[in-house]
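The chain is numbered in sequence order, starting from 1.
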Amino acid sequence: MTDEKRFHRRANFLIGAYVLCLAMFTGILYNAQIVNGSEYLARSTIQVTTTKTVETSRGIITDRNGKILVSNREIYTVSFDPDLVPDQDGETHQAAVARALLRILTLFQDHGVAWGDSLPIGDAEPYGYAFAGATGAQRTWFSHYLADRKWSNTELTAASSSPLMSQTLLDKLKLTGSTALTAPHLLELMRADFGVPTDFSRQEARLVLGVLYELRLRKLTANAVTVPYVFAEDLSVELISILNDGAFEGVVIGSKAVRQYNTDYAAHILGRVGKFESREERDGFNAEWNAAREAGEDTTGLPYYRLDDQVGKDGVELAFEQYLRGRDGTRLITTNQEGKITSEIYSIQPEPGGTVALTLDIDFQAQVEEILARSVQAMDQEDLEDGEEPVNRGAAAAVVSVANSEILALATYPTYSQRTYAQDYALLSQDPRHPYVNRAISSAYAPGSTFKPLTAVAALESGVITPTTIINATGSWTYPGDPNSYANCWLYNSSRGRHGRINVSQAITVSCNYFFAQMGYSLGLDRLNAYCRAFGLGESTGIEIYERTGTLPENKPGEDQSPWAGFGQSSQLFTPLQLANYVATLVRGGTRYNAHLLKDISAYDGSSVLYTAQPEVLSQQEIQPDNLAAVKKGMGDLATTGSVGQQFANCIVTAGAKTGSAQTGEVMANGVFVCFAPFEEPEVAVAVVIEKGKAGAALASTAVEILNAYFAPSDIGAMMAPEGALLP
């Protein structure tokens with residue numbers, strides 16, 4: 001009996017415990033589902049997953065030997081997130097955001113830190129519009145902002161004074177007619193719209209409105225990925241510590257990679273990066289993405305550029321943008337009701353840009369730039385010593401490989417440094433010598449007598465003459481049937497001299513205008529221009545960065561320019577790179593390759609080569625061996641026994657050359673010079689132009705220095721090795 005009672009007590013206890021647990025569970029469920037159901041539902045809803053862009057680093061640029069020319073460095077950035085600003089008692093959240101912003105901006109002012117603010121309104125009284133100083137993109141986004149707020153629908157230009165009020169705003173203000181929306185009035189509208197506290201001064205309000213405006217723009221242009229507003233970059237460690245330790249609300253400290261130029265040379269080639277200056281520019285970069293979206297196709301993997309993205313603006317940075325850019329990552333961030341991050345994962349891993357290796361040898365490039373600078377400065381000094389007025393000289397040099405037209409050096413004088421581009425721009429942009437112009441490929445010059453080897457090839461290959469044909473050059477060539485149309489030889493002009501009976505090789509060596517005027521006349525302009533195109537003159541060289549294509553000679557109605565075109569003094573204009581590649585094409589026997597800067601592209605981690613540049617045959621002009629030998633002999637004799645033989649006596653290799661003096665209508669002619677070396681088995685072709693360089697022969701020593709700089713390293717090593725020593 002006792003055992004039975006004990007059993008019932010235990011059973012009752014277990015049943016009671018079970019009922020109690022069931023009651024507690026029911027109570028918890030009731031509380032969660034009924035009493036606090038709406039709150040828990042809100043919390044579960046607030047567990048929001050957002051996506052944020054994780055910027056990748058841009059690819060690096062190296063020279064042909066792997067020397068890093070452009071890389072990246074990490075800098076501190078400051079972003080502002082209004083959602084991280086807590087509410088303050090008695091004030092709206094907007095007011096709390098404005099106060100938090102003002103505190104940050106005041107700190108920046110105290111430390112001399114500039115921040116981004118594209119609001120096109122002046123930052124001081126009387127707060128007028130500044131459309132002239134804004135970029136096209138900034139004016140476009142400002143128009144979008146005004147239209148979004150229904151304040152104005154005016155399309156703005158640099159010449160705009162004030163936008164006009166929209167009908168919606170006129171009705172709200174109970175105004176009629178066409179009324180300008182003045183900058184002070186707009187600031188008051190923005191102040192109310194953004195909830196800026198009334199105790200802020202006009203100056204304080206303008207400070208915070210610039211940042212609030214930037215934040216609003218990102219909502220207007222938002223897509224699936226959040227675009228953060230980074231309003232200050234490259235801050236000192238000291239200031240970052242203050243921001244971290246001072247509990248500055250809304251501040252988000254981050255980092256990003258920015259371009260670092262590791263050389264002061266090749267500035268015109270490397271180019272720079274920057275932000276978009278117009279909507280059209282951005283649309284151009286997004287053309288592929290936009291086309292795919294409009295066609296309903298998958299845009300995954302296609303490049304998409306955002307408002308604040310850095311892109312290549314010119315040079316190599318622009319030409320190889322698709323390889324250098326890399327791919328940004330996307331991070332999924334989940335936050336709870338309090339805004340705390342509960343999870344963070346990558347949906348797309350960021351992938352850095354590839355490594356672009358150029359054909360340039362940066363050490364040789366540096367030497368060519370320095371040689372060019374010394375040559376121009378020496379001419380300037382000579383002018384001063386001769387009591388002549390100083391002139392603004394520019395110069396350029398191009399060096400290409402004869403084997404495949406790789407560009408080994410491309411120099412311009414005066415030049416600049418990409419390292420200090422931002423600091424130097426205001427001063428250098430006013431320099432009358434125009435240092436930002438890439439004269440090697442963007443300036444076209446009359447070739448003068450450097451054109452004569454091409455005329456010689458055309459005459460020989462067309463059967464007008466043979467290598468042994470003799471012409472009696474009497475000094476002044478007269479157009480048949482028109483005694484008033486003539487072309488004098490330089491020798492005739494200087495001393496009434498004449499070259500007499502000469503063949504084509506001798507005509508090249510002595511640079512006889514009479515001989516080549518006759519050749520030009522016999523060929524005719526159409527046939528001469530056909531050879532120009534075959535040698536790449538007046539055509540694109542194939543270089544990957546922007547270039548001018550030059551100008552072929554042409555006849556005006558009722559005239560024949562072929563005689564003058566035959567010796568390079570008609571209307572033809574060519575770039576130094578075109579001249580260098582024409583010479584390379586000639587001495588390799590008529591095969592024209594594309595002049596190119598790209599050597600190869602590798603994965604960012606060096607694990608694989610993604611692309612290797614191969615020379616492309618652009619045209620093929622057959623040159624008979626005897627004809628080529630005759631032209632080369634004329635150029636070789638010029639560099640040995642001719643007018644530049646003294647200068648080339650200092651050249652460590654044999655060479656062929658041609659001078660040119662291009663008349664420009666000014667007192668001083670441009671000096672033009674082309675050459676190749678070594679003579680028997682050419683490796684490089686060189687073109688040098690010095691504006692107001694007087695005569696091509698004056699550039700011979702410059703060309704010799706360039707050739708010595710290219711060939712010296714291996715030769716000096718062999719010459720200086722002690723007897724019996726092992727060579728490296």
Side-chain angles (χ1 to χ4, degrees), residues 446-480 485-525 527-528 531-532 553 560-570 572 579 582-583 586 626-645 648 656-663 669-675 694-700:
S449 294
T450 62
F451 188 78
K452 290 173 179 174
L454 184 143
T455 304
V457 170
L460 289 164
E461 288 299 318
S462 299
V464 173
I465 57 171
T466 70
T468 58
T469 298
I470 299 296
I471 288 179
N472 185 23
T474 59
S476 181
W477 183 88
T478 302
Y479 195 94
S485 182
Y486 56 87
N488 290 341
C489 188
W490 64 269
L491 185 59
Y492 184 85
N493 284 335
S494 63
S495 63
R496 288 297 186 267
R498 60 188 64 190
H499 287 119
R501 294 172 58 80
I502 54 176
N503 62 26
V504 66
S505 299
Q506 294 165 328
I508 292 173
T509 300
V510 300
S511 199
C512 180
N513 288 353
Y514 183 104
F515 187 99
F516 287 102
Q518 180 61 50
M519 294 303 99
Y521 173 77
S522 299
L523 285 163
L525 200 58
R527 189 157 46 167
L528 193 59
Y531 276 87
C532 284
D560 178 12
Q561 281 288 306
S562 61
W564 293 268
F567 58 89
Q569 291 288 3
S570 181
Q572 64 259 61
L579 293 174
Y582 131 62
V583 173
L586 189 155
D626 289 349
N627 293 339
L628 178 58
V631 175
K632 285 183 62 179
K633 174 175 169 52
M635 298 177 74
D637 288 347
L638 176 64
T640 51
T641 61
S643 61
V644 297
F648 271 82
K658 189 69 196 80
T659 59
S661 299
Q663 302 301 320
N670 289 338
V672 189
F673 194 90
V674 297
C675 61
K694 301 180 182 178
L699 280 64

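- Inter-residue side-chain proximity for Pro553 and Phe451 is flagged as unmet; no heavy-atom pair is nearer than 4.5 Å.
- The side-chain heavy atoms of Cys532 and Leu454, taken from C-beta on, include a pair separated by under 4.5 Å.
- When all heavy atoms are compared, the tightest approach of Ile502 to Cys512 is CD1-CB, 3.8 Å.
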Worked check of side chain to side chain contact (heavy atoms under 4.5 Å, CB included) between Ile508 and Phe516: CA-CA 9 Å; Ile508 292 173; Phe516 287 102; 3.7 Å; yes
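- Residues passing the side chain to side chain donor-acceptor pair (under 3.5 Å) test with Lys658 are Ser511, sequence neighbours excluded.
- Annotation: side chain to side chain donor-acceptor pair (under 3.5 Å) contacts of Ser570 (sequence neighbours excluded): Gln561.
- Closest approach of His499 and Cys489 over heavy atoms only: CE1-SG, 3.4 Å.
- Checked by atom type and distance alone, the side chain of Ser661 never pairs as donor or acceptor with a backbone atom of Ala669 at under 3.5 Å.
- Of all non-hydrogen atoms in Phe673 and Thr659, the two that sit nearest each other are CE1-CG2, 3.6 Å.
- Identified under the salt bridge (Lys or Arg N to Asp or Glu O under 4.0 Å) test for residues 627-638, with sequence neighbours left out: Lys633-Asp637.
- Note that CZ of Arg501 and CD of Gln506 are 10.5 Å apart. Values are rounded to the nearest 0.5 Å.
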Leu699/Val672 under side chain to side chain contact (heavy atoms under 4.5 Å, CB included): CA gap, chis, key distance, verdict: CA-CA 7 Å; Leu699 280 64; Val672 189; 5.7 Å; no
Residue pair Ser449, Trp490: steps toward the side chain to side chain contact (heavy atoms under 4.5 Å, CB included) verdict: CA-CA 11 Å; Ser449 294; Trp490 64 269; over 6 Å; no
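- Applying the side chain to side chain donor-acceptor pair (under 3.5 Å) rule to Trp477 yields the partners Gln518; only residues at least two apart in sequence or on another chain are considered.
- Of the possible donor and acceptor atoms, none in the side chain of Gln569 sits under 3.5 Å from a partner among the backbone N and O of Ala487.
- Put simply, the side chain of Arg496 never gets that close to the backbone of Gly475: no donor and acceptor are under 3.5 Å apart.
- Scanning all heavy atoms of the two residues, the minimum distance from Phe648 to Ala639 falls at CB-O, 3.1 Å.
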Could you pull out all donor-acceptor pairs under 3.5 Å where a side-chain atom in residues 460-468 meets a protein atom, sequence neighbours excluded?
| from | atom 1 | to | atom 2 | distance (Å) |
| --- | --- | --- | --- | --- |
| Glu461 | OE2 | Gln624 | N | 2.7 |
| Glu461 | OE2 | Asn627 | ND2 | 2.8 |
| Ser462 | OG | Ala458 | O | 2.7 |
| Thr466 | OG1 | Thr468 | N | 3.3 |
| Thr466 | OG1 | Thr468 | OG1 | 3.2 |
| Thr466 | OG1 | Thr469 | N | 3.4 |
| Thr466 | OG1 | Thr469 | OG1 | 3.1 |

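- Interatomic distance, CG of Leu528 versus CG of Leu523, reported as 6.0 Å (0.5 Å rounding).
- Using modelled atom types, one side-chain atom of Thr509 and one backbone atom of Gly634 make a donor-acceptor pair closer than 3.5 Å.
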Tyr514 and Ile471: CA distance, side-chain angles, deciding distance, side chain to side chain contact (heavy atoms under 4.5 Å, CB included) verdict: CA-CA 9 Å; Tyr514 183 104; Ile471 288 179; 4.2 Å; yes
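- Side-chain contact between Leu586 and Pro453 is present, with at least one heavy-atom pair separated by less than 4.5 Å.
- Annotation: the span from Ile470 atom CD1 to Phe515 atom CZ amounts to 8.0 Å, rounded to 0.5 Å.
- Closest approach of Gly520 and Thr455 over heavy atoms only: N-CG2, 4.3 Å.
- Summarising the geometry of Ala657 relative to Leu638, their closest heavy-atom pair is O-CD2, 3.1 Å, with the distance given to 0.1 Å.
- Separation of atoms CZ (Arg498) and OH (Tyr492) is listed at 7.5 Å; rounding is to 0.5 Å.
- Every residue two or more places apart in sequence or in another chain that forms a side-chain contact (heavy atoms from CB on, under 4.5 Å) with Asp560 is listed here: Tyr479, Tyr521, Asn555, Ser562, Pro563.
- Proximity of Asn513 to Asn488: side-chain heavy atoms (C-beta onward) are nowhere separated by under 4.5 Å.
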